[in-house]
2 protein chains.
Amino acid sequence: MSDEQLSKATETLIGALGRQSAFWGLGRMAGEMYAVLYLSPEPLSLEAIANSLQVTKGNISIAIRQLEQLGMVRRSWRMGDRRVFFEAETDFWRIAHSVLGLRQKPEFDQSFALVEESLQLLEQAEPSPERDYAKARLESLQEFYRLLDGVVEVALTVKPEELKSMVEMFNEARNK
Amino acid sequence: MSDEQLSKATETLIGALGRQSAFWGLGRMAGEMYAVLYLSPEPLSLEAIANSLQVTKGNISIAIRQLEQLGMVRRSWRMGDRRVFFEAETDFWRIAHSVLGLRQKPEFDQSFALVEESLQLLEQAEPSPERDYAKARLESLQEFYRLLDGVVEVALTVKPEELKSMVEMFNEARNK
DNA sequence: TAATACGTTTACTACGTATTAAACGTCATT
DNA sequence: AATGACGTTTAATACGTAGTAAACGTATTA
């Protein structure tokens, strides 16, 4: 690293995305790796990543798979080089799509299905004030889930520019 | 428990919200406790919660604080009873507000600040292709953060009915 | 065929967090 | 004052996951 400021800047981003990634349940390592790749002008080898993060190869090998599966990182090859290179997907919109679809949505669906199951159990229960109360609560929860589902659906359908102008529209309307 | 189906339904919801809660980084316990309270027609004592989840009082005492701080649970008292009772906040809209504000937003802001810091470090760096590339990347990341921030802002500003009708509008437009 | 350079897998260790049991402080009741 | 019923705190433990080092498989080169 010739430029001190540049490497400091990289370290700072590594810290930022590591935090973020851990917070969202992806593991600190995954975010840190993404940060390294995101700032690198050209694809990096597995070993290069391991060096810049001071961890072992095996560690990277496992973590990189998560990132690949989520569409946050791609592999590439160079002719005459047996090594595998990785580069970051830089289109956050695309990343948001795949992460929501592959990670959040399944979890959401699972939960939704369980609420439905719970509701069906209540249908079979003896009518009683307790049952009726629980039933009302579950239906209310279900409605909220449906709203959330709809919001996400919309967010993934519109184009980013559309979304951006929508947001601006709202903010203008609110500020007067 | 007089009604077998009712308690099965409760257990199912406990499982669902426990999963969900752990997934979102709140800890399994917190979600399970919320589920118990959410389905209970009247406030429950600390010990009652501990019994229904088969854990110790101390455990509940700690976890309940999280839920209180996030506005997901409230304390209440009964005259002539020294015990503390807890009841679930059932307005998910309100919960969404406070969770986003108290939990997600600070984390987001922290990350945003670090990206900015990183960007400022780059300003001071020697001009070079690597620096310029990194700078472009960070600016792009910043723009995405701003968009996200705006979306959340809007989502928290509009009333739930407004949001709901917006979603419906979009879906109709999309389906023709 | 031997030797080297990879990436992956595996068994082990280290670490942080969740959970418990017990001690503690407080308040009401006797 | 003494006792008992609370909720909270604390120290110890259990548990799951993150991370390492080394073995492994495979392809490439000599």
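Worth saying up front: this structure is predicted, and the values here are computed from it rather than measured.
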Quick test of your reading of the model: are B/Glu47 and B/Lys57 salt-bridged, counting only N-O distances below 4.0 Å?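 Between B/Lys57 and B/Glu47 there is no salt bridge, as every charged N stays at least 4.0 Å from the carboxylate O atoms.
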
Structure string for DNA chain D in dot-bracket form, Watson-Crick and G-U at under 3.5 Å, | interchain: ||||||||||||||||||||||||||||||

What is the separation between atom CZ on B/Arg78 and atom C1' on D/dC6, rounded to the nearest whole Å?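 Going from CZ in B/Arg78 over to C1' in D/dC6 covers 15 Å.
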
Hey, could you give me the NZ/OG distance between A/Lys159 and A/Ser165, rounded to the nearest 0.5 Å?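 A/Lys159 NZ to A/Ser165 OG: 11.0 Å, rounded to 0.5 Å.
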
Which heavy atom of B/Leu67 sits nearest to which heavy atom of B/Ala30, and what is that distance?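 In terms of heavy atoms, the two residues are closest at CD1-O, 3.5 Å.
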
Taking atom CG of A/Leu37 and atom CG of A/Leu17, what is their separation to the nearest 0.5 Å?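 Rounded to the nearest 0.5 Å, the CG-CG separation comes to 11.0 Å.
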
Using a strict cut-off of less than 4.0 Å between a Lys/Arg side-chain nitrogen and an Asp/Glu carboxylate oxygen, indicate whether A/Arg74 and A/Glu68 qualify as a salt bridge.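 Salt bridge absent between A/Arg74 and A/Glu68.
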
Could you tell me how far apart B/Leu46 (CG) and D/dT9 (P) are, to the nearest whole angstrom?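 Going from CG in B/Leu46 over to P in D/dT9 covers 12 Å.
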
Terminal contacting nucleotides, 5' and 3', DNA chain C versus chain B (heavy atom, 4.0 Å):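 The protein-touched segment is C/dT19 to C/dA28.
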
Pair up each side-chain donor or acceptor in residues 138-154 of chain A with any protein partner under 3.5 Å, not counting sequence neighbours, and list the distances.
{"residue": "A/Gln142", "atom": "NE2", "partner": "A/Glu116", "partner atom": "OE2", "Å": "3.3"}
{"residue": "A/Glu143", "atom": "OE2", "partner": "B/Lys164", "partner atom": "NZ", "Å": "2.7"}
{"residue": "A/Tyr145", "atom": "OH", "partner": "A/Ser111", "partner atom": "OG", "Å": "3.2"}
{"residue": "A/Tyr145", "atom": "OH", "partner": "B/Gln20", "partner atom": "NE2", "Å": "3.3"}

Determine the minimum heavy-atom distance between A/Gly71 and A/Glu89, stating which atoms define it.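 So the minimum-distance heavy-atom pair works out to O-CB, 3.5 Å.
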
Expressed as a whole number of angstroms, how long is the span from B/Arg83:CZ to D/dG4:C1'?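 Taking CZ of B/Arg83 and C1' of D/dG4, I get 14 Å after rounding.
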
Write down the distance between CD1 (A/Ile62) and C1' (D/dT20), rounded to a whole number of angstrom.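 Answer to the nearest Å: 10 Å.
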
Quick one: A/Ile60 CD1 to D/dA21 P, roughly how many Å, whole number?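 Between P of D/dA21 and CD1 of A/Ile60: 14 Å.
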
Looking only at heavy atoms, which two atoms of A/Ala9 and B/Ser118 are closest? And how far apart?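 In terms of heavy atoms, the two residues are closest at O-OG, 2.8 Å.
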
Is there a side-chain contact between B/Arg65 and the phosphate of D/dT9, meaning an N or O under 4.0 Å from OP1 or OP2?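 It does, given that an N or O in the side chain of B/Arg65 lies less than 4.0 Å from OP1 or OP2 of D/dT9.
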
Euclidean distance, atom CG of residue A/Asp81 to atom P of D/dT28 [Å, nearest integer]: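 A/Asp81 atom CG is separated from D/dT28 atom P by 12 Å.
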
In whole Å, what is the span from the CZ atom of A/Arg82 to the C1' atom of D/dG25?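 Checked: the CZ to C1' distance equals 12 Å.
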
Please give, in whole Å, the distance from D/dG7 C1' to B/Phe85 CZ?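 Taking CZ of B/Phe85 and C1' of D/dG7, I get 13 Å after rounding.
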
Is a salt bridge present between A/Glu32 and A/Arg28, judged by a nitrogen-to-oxygen distance below 4.0 Å?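 Looking at A/Arg28 together with A/Glu32, the answer is yes, because their closest N to O distance falls below 4.0 Å.
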
